[in-house]
Number of protein chains: 2
Amino acid sequence: MTKTPAYHHGNLRQALIEAGAQLIEIKGVSGISLREVAKQTGVSHTAPYRHFKDKNALLAGITEVGFAQLAGSLQQVMIENPNAPKDQLIEAGVAYISRAIQNKQMHNLMFGGAWKLSNDEELIKQTSDAAFNGLVQIVKNGQQAGVFKKGDARVLALTAWSLVHGYAMLASTSQLSHLAASEDSILELARTAEVHLIEGLEK
Amino acid sequence: MTKTPAYHHGNLRQALIEAGAQLIEIKGVSGISLREVAKQTGVSHTAPYRHFKDKNALLAGITEVGFAQLAGSLQQVMIENPNAPKDQLIEAGVAYISRAIQNKQMHNLMFGGAWKLSNDEELIKQTSDAAFNGLVQIVKNGQQAGVFKKGDARVLALTAWSLVHGYAMLASTSQLSHLAASEDSILELARTAEVHLIEGLEK
DNA sequence: ACCTGAACACCGTTCAAGT
DNA sequence: ACCTGAACACCGTTCAAGT
């Protein structure tokens, strides 16, 4: 016999987040309920309140794993394209867009504004800021290498970030069907769009 | 005495849409309920079903007025900047972003993916397509005037549209607070970003 | 035709109670 | 500490019934 067999198998908080992430990909962000996440996890519908202040906090918890995964993808792009600011910028964008269309619901949860960031979710703000600062660093490196034009690196980074952000949104809500259908052609088109922008950023 | 005093004062459909639009700006997209819209309008909570198939259809109806207003704004920009493709492109973007930050909730309803476009809402698709085609036309004019580089005008238009779309999203979800706070500085920054892009589109 | 009230199966959240 | 069941005030939607 083990010691106190624990009311639930180990870490309920983690289990709820995982069940929520799965459920969201099936039923969509607006189709998810605290009660169903609890049921899927095998606990009563009030158990989640031991680990999350309210439904919003659970959504924030799910979002956190999404941001962590995104940060990992971007990190990898940086490593795979050393000392190549232009490639880094383009491939970071492509990686971001690729993630968005492969995890539409998670992306919508992360950026769709369905839940509100409270002061508790400092972690998400940090991750998001870190991602942006990474982008700024790419631009600065490019400026020093003489491939990007001078100017406030944060503004150039914001411009690139906006383009990718908007494109990902259009792609993940299927608004590009006239111009590109398959995932490959969507990413191909994204590269073209980024090249157009980069020609504006070049010196 | 008037004739049959009508169960409701005139056009209930219109009244529900207006009440919904008001309510959404107060309580947010996720905070709105069919029942409360009905109560605000002074009818029972089942009356809306005479005019809308379900809650989603009401949201679509509210969205429609938002798209009509947006189309009007863009139309005006075109008229105010005749024969100036570059200005048209920049000011159309600024107008779009300005609308987004002044009507955050409506913008979120229009583009946040909280409701799903069914086949019934052909009108919205049309308006959205018309807006994009207007953008394509600006680019084509610019290409013929020799201010924009050659290439698929739809792709150049999509690039500009993505930038504006993404920037508007960042602005309306208050993610630009580090770079710009007031509405004026947000729009100023938007102009700068658009100029960066346009330098990439110029020949 | 247009609207209502009761009813159903859900919600999120709170709270006293159990181990 | 961790979880439960009952309860409350909401939802969206359906349906028989009223004028």
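Note that the structure is a prediction, hence the values are computed from the model and not measured. We name chains A, B, ... by the order of the sequence lines, and we start the count at 1 in each one.
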inquiry  = Tell me the interatomic distance from A:R50, atom CZ, to C:dT19, atom C1', rounded to whole angstroms.
reply    = 14 Å

query = Are B:L58 and B:Y49 close enough that some pair of their side-chain heavy atoms sits under 4.5 Å apart?
reply = no

Kindly list each side-chain donor-acceptor pair under 3.5 angstrom involving residues 127-138 of chain A, sequence neighbours excluded, with atom names and distances?
| unit_1 | atom_1 | unit_2 | atom_2 | d |
| --- | --- | --- | --- | --- |
| A:T127 | OG1 | A:L123 | O | 2.8 |
| A:N133 | ND2 | A:D129 | O | 3.3 |
| A:Q137 | NE2 | A:N141 | OD1 | 3.2 |

key: Secondary structure of DNA chain D in dot-bracket form (Watson-Crick or G-U wobble, distances below 3.5 Å, | marking inter-strand pairs)   = ||.|||||...|||||.||

remark   = Taken to the nearest whole Å, CG/B:L12 to C1'/C:dT4 is 13 Å

task = Check the distance between D:dT13's P and B:F52's CZ and give it to me in whole angstrom.
result = 13 Å

task = Kindly say if B:H51 contacts the phosphate of C:dC3, meaning a side-chain N or O under 4.0 Å from OP1 or OP2.
result = yes

When the side chains of residues 64-82 of chain B are checked against the rest of the protein, which donor-acceptor pairs come out under 3.5 Å, sequence neighbours left out?
| unit_1 | atom_1 | unit_2 | atom_2 | d |
| --- | --- | --- | --- | --- |
| B:Q69 | OE1 | B:R99 | NH1 | 3.2 |
| B:S73 | OG | B:Q69 | O | 3.2 |
| B:Q76 | NE2 | B:E80 | OE2 | 3.2 |
| B:N81 | ND2 | B:V77 | O | 2.9 |

message = Taking side-chain hydrogen bond (donor to acceptor under 3.5 Å, both in side chains) as the definition, give me every residue that meets it alongside B:Y96, ordered by chain and number, with sequence neighbours left out.
response = B:H107, B:H165

key: Nearest-Å distance for atom pair CG/P, residues A:L16 and C:dG12   = 13 Å

request  = Scan residues 23-39 of chain B for pairs that pass salt bridge (charged side-chain N to carboxylate O under 4.0 Å, His left out), counting only residues two or more places apart or in two chains.
outcome  = B:K27-B:E36

task = Report the nucleotide, chosen from D:dT4, C:dT14, D:dG12, that has the shortest atom-to-atom distance to any side-chain atom of A:Y49.
result = C:dT14

request  = Please name all residues satisfying salt bridge (Lys or Arg N to Asp or Glu O under 4.0 Å) with B:R191, sequence neighbours left out, ordered by chain then number.
outcome  = B:E91

ask   = What integer distance in Å separates A:D54:CG from C:dT13:P?
value = 5 Å

query = With sequence neighbours excluded, what pairs up with A:Q102 under the side-chain hydrogen bond (donor to acceptor under 3.5 Å, both in side chains) test?
reply = A:E183

Least distance between heavy atoms, B:L163 atom then B:A193 atom = CD2-O, 3.9 Å

task = Please name all residues satisfying side-chain hydrogen bond (donor to acceptor under 3.5 Å, both in side chains) with B:T173, sequence neighbours left out, ordered by chain then number.
result = B:Q175

remark   = The contact string for nucleotides 6-11 of chain D, one letter per nucleotide 5' to 3', using protein heavy atoms under 4.0 Å with B, S and - for base, sugar-phosphate only and none, comes out as BB---B

Nearest-Å distance for atom pair NZ/P, residues B:K39 and D:dG12 = 12 Å

